[in-house]
Amino acid sequence: MSSRTLPLLFINLGGEMLYILDQRLRAQNIPADKAKKVAEWIEEDRKRVMNDIVTTMFNKKFLEELFKPQELYSKKALRTVFDRLAHASIMRLNQASMDKLYDLMTMAFKYQVLLCQRPKDILLVSFNHMDAIKDFVRDTPNILSQVDETYRQLIEMYTLLPAGEFQLIRQTLLIFFQDMHIRVSIFLKDKVQNSNGRFVLPTSGPVPYGTQTPGLIRMFTCNGEEVKRVQFRNGGNYTSALREGSFELFGDRVIKLGTNMYSISRPVETHMSGSLKNSAQHAKVNTAPNPLAKEELNLLAKLMGGMEVQKPGNPESGFRVNLFATDEEEEEALISRPAELSYEVINIQATKDKQANEELVRIMGEFTESEEPTPCSSSKGDDLLTMMDGL
């Protein structure tokens with residue numbers, strides 16, 4: 001397992017998330033009588049959502065923690081990171097739409113990793129995502145500087161790594177994705193994914209940069225002198241790579257993996273495969289949080305720190321984005337989703353104003369035993385999640 005995999009996983013999944021959200025925000029249904037005014041409002045909010053998410057993604061302290069050599073987080077911890085990242089703006093997604101968003105993100109990047117002709121191409125895929133993210137925030141100089149700093153860290157950490165380290169990174173990513181077989185309509189229509197959710201890999205096309213097309217065996221003596229050549233049928237239609245993609249801040253990446261596949265508007269559906277779908281049919285689980293439990297937690301938070309409980313129906317708190325074609329499809333997906341694939345987090349903000357709750361802070365401080373060192377967290381990802389809470 002490579003300790004340098006997490007930044008690439010996070011940046012590529014984040015790039016795919018931004019592609020999907022951008023496409024859905026642009027495709028919002030607008031009533032004909034309000035088309036012009038609502039379109040302007042949606043475009044303004046689209047830019048705000050993209051800016052807020054990119055700002056959170058590339059926060060300096062957050063990246064410092066992210067780029068530390070470390071093992072990959074668990075699937076559940078990483079899903080929680082992206083759940084919070086998606087809601088770092090005024091946009092809101094319900095559980096079914098968030099599940100679908102994460103499925104699309106993971107399957108898209110898994111496909112890109114599988115199609116990389118050589119392990120180092122994963123870095124070019126990452127640069128394609130970074131180039132697109134930079135274009136999303138091109139009108140905001142302060143966010144652009146954050147993105148450029150991330151480029152610098154990527155170049156500094158990865159461009160000089162040997163091929164063996166990139167192979168280890170690729171292997172680590174494939175181990176992370178190996179049990180994910182969600183069917184995606186785009187891949188199914190393009191015939192690059194089977195009905196069981198597994199991808200179809202090509203047996204023809206350009207070979208990796210720096211290699212020769214298969215079909216020739218050369219034999220040498222112990223002194224390195226070529227003595228014989230034998231040709232054979234390679235069973236495919238292979239071509240030589242024209243040139244290597246650029247690993248600099250600006251340049252032609254050559255490969256198209258990691259570019260926005262949603263730039264052409266078409267509906268995208270996800271479907272569970274195999275045992276997951278069967279288990280969902282046997283038992284429909286209500287994944288919505290218990291409203292009584294939530295009210296009890298809110299009451300506790302009010303008693304502890306004077307928290308203002310915002311009503312979910314407040315129009316000022318944000319707007320909802322549906323990743324399904326209709327609300328009915330979204331509700332059906334929410335009901336049929338297996339409970340083990342959904343993660344619901346209820347955030348309780350105990351203190352509204354520290355100065356107004358000095359007595360509470362003092363009492364809370366008494367629970368901390370300063371004599372004993374704080375034990376290390378047993379759950380990987382807690383440091384990053386805690387940092388995200390503070391952004």
Side-chain angles (χ1 to χ4, degrees), residues 1-21 50-89 101-102 105-106 108-110 112-113 119-120 122-134 136-137 142-161 165-166 168-177 247 249 258 343 345 376-391:
M1 300 286 284
S2 173
S3 61
R4 295 184 175 94
T5 308
L6 183 60
L8 297 180
L9 179 61
F10 176 78
I11 288 172
N12 285 284
L13 288 180
E16 288 298 322
M17 182 177 73
L18 290 170
Y19 290 162
I20 298 164
L21 293 178
M50 305 302 278
N51 288 345
D52 289 347
I53 293 177
V54 174
T55 299
T56 305
M57 273 186 69
F58 299 122
N59 176 273
K60 183 178 179 181
K61 291 183 179 179
F62 182 76
L63 288 179
E64 287 176 358
E65 181 68 29
L66 184 71
F67 274 84
K68 291 179 181 178
Q70 57 193 300
E71 292 184 6
L72 281 186
Y73 298 157
S74 67
K75 290 182 175 67
K76 186 171 184 178
L78 193 66
R79 162 62 196 266
T80 305
V81 168
F82 282 102
D83 201 333
R84 297 183 185 181
L85 183 61
H87 293 94
S89 68
L101 173 63
Y102 192 71
M105 291 160 48
T106 52
F109 185 43
K110 177 182 180 179
Q112 293 158 13
V113 174
K120 193 174 182 179
I122 293 173
L123 187 55
L124 292 176
V125 174
S126 304
F127 282 139
N128 274 337
H129 281 117
M130 289 292 297
D131 293 343
I133 292 171
K134 188 172 184 178
F136 283 138
V137 297
N142 59 324
I143 306 178
L144 276 176
S145 64
Q146 292 179 255
V147 178
D148 287 340
E149 174 61 20
T150 308
Y151 271 112
R152 186 194 64 77
Q153 293 189 53
L154 285 172
I155 293 171
E156 182 179 309
M157 175 176 283
Y158 292 102
T159 52
L160 298 180
L161 288 182
E165 183 64 32
F166 275 110
L168 194 57
I169 290 173
R170 183 177 184 271
Q171 184 180 4
T172 305
L173 288 171
L174 292 177
I175 291 173
F176 180 83
F177 288 128
F247 293 93
L249 180 59
Y343 313 110
V345 179
C376 295
S377 171
S378 60
S379 175
K380 291 187 294 232
D382 284 351
D383 291 342
L384 203 58
L385 291 173
T386 302
M387 188 167 292
M388 290 192 74
D389 285 338
L391 297 180

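Under the rule for a ring-ring contact (aromatic ring centres under 6.0 Å, His included), the partners of Y19 that lie at least two apart in sequence or sit in another chain are H129. By the ring-ring contact (aromatic ring centres under 6.0 Å, His included) test, F67 is found to be paired with no residue, residues two or more places apart in sequence or in another chain being considered. A search for salt bridge (Lys or Arg N to Asp or Glu O under 4.0 Å) contacts involving K110 returns nothing, not counting sequence neighbours. For T159, the side chain to side chain contact (heavy atoms under 4.5 Å, CB included) criterion is met by L123, I155, F247, not counting sequence neighbours. Taking L144 as the reference, K134, V137 meet the side chain to side chain contact (heavy atoms under 4.5 Å, CB included) condition, with sequence neighbours excluded. When the ring-ring contact (aromatic ring centres under 6.0 Å, His included) test is applied to F136, no partner is found at least two apart in sequence or on another chain.
The minimum heavy-atom distance between V113 and R170, with the atom names listed, is O-NE, 3.5 Å. Listed here is the closest heavy atom pair of T56 and A88: OG1-CB, 3.5 Å. Annotation for L8 and I122: closest pair CD1-CG2, 4.1 Å, computed over non-hydrogen atoms. Contact record, S2 with E165: OG-OE2, 2.9 Å, taken as the closest heavy-atom pair. The two atoms that bring M57 and G14 nearest to each other are CE-CA, 3.9 Å, heavy atoms only. Summarising the geometry of I53 relative to A86, their closest heavy-atom pair is CD1-O, 4.2 Å, with the distance given to 0.1 Å.
Atoms CG and CD1, from L154 and I11 in turn, are 4.0 Å apart once rounded to the nearest 0.5 Å. Here the straight-line distance linking atom CZ of R4 with atom CG of L161 works out to 5.0 Å at 0.5 Å rounding. The structure places OG1 of T55 at 5.0 Å from CD of Q146, a figure rounded to the nearest 0.5 Å. In this structure, the separation between CD1 on I143 and CG on D148 is 12.0 Å, given to the nearest 0.5 Å. To the nearest 0.5 Å, atom CG of residue L6 and atom OG1 of residue T172 are 11.0 Å apart. Note: D131 CG to L249 CG = 8.5 Å, rounded to the nearest 0.5 Å.
Using a cut-off of 4.0 Å between Lys/Arg side-chain N and Asp/Glu carboxylate O, E64 and K61 are scored as not salt-bridged.
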Problem - Stepwise side-chain contact (heavy atoms from CB on, under 4.5 Å) check, R152 with E149 - result: CA-CA 5 Å; R152 186 194 64 77; E149 174 61 20; 2.5 Å; yes

Practice task
Check the pair L101 / L21 against side-chain contact (heavy atoms from CB on, under 4.5 Å), numbers first and verdict last.
Solution key: CA-CA 8 Å; L101 173 63; L21 293 178; 4.2 Å; yes

Handout entry: Evaluation steps, side-chain contact (heavy atoms from CB on, under 4.5 Å), between M130 and F58
Key = CA-CA 11 Å; M130 289 292 297; F58 299 122; 3.8 Å; yes

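Aromatic pair F109/F176: centroids not less than 6.0 angstrom apart.
The shortest distance between side-chain heavy atoms of L78 and L13 falls below 4.5 Å. The closest side-chain heavy-atom distance from Y158 to P7 is below 4.5 Å. A 4.5 Å side-chain heavy-atom check between T106 and F82 finds every atom pair outside the cut-off.
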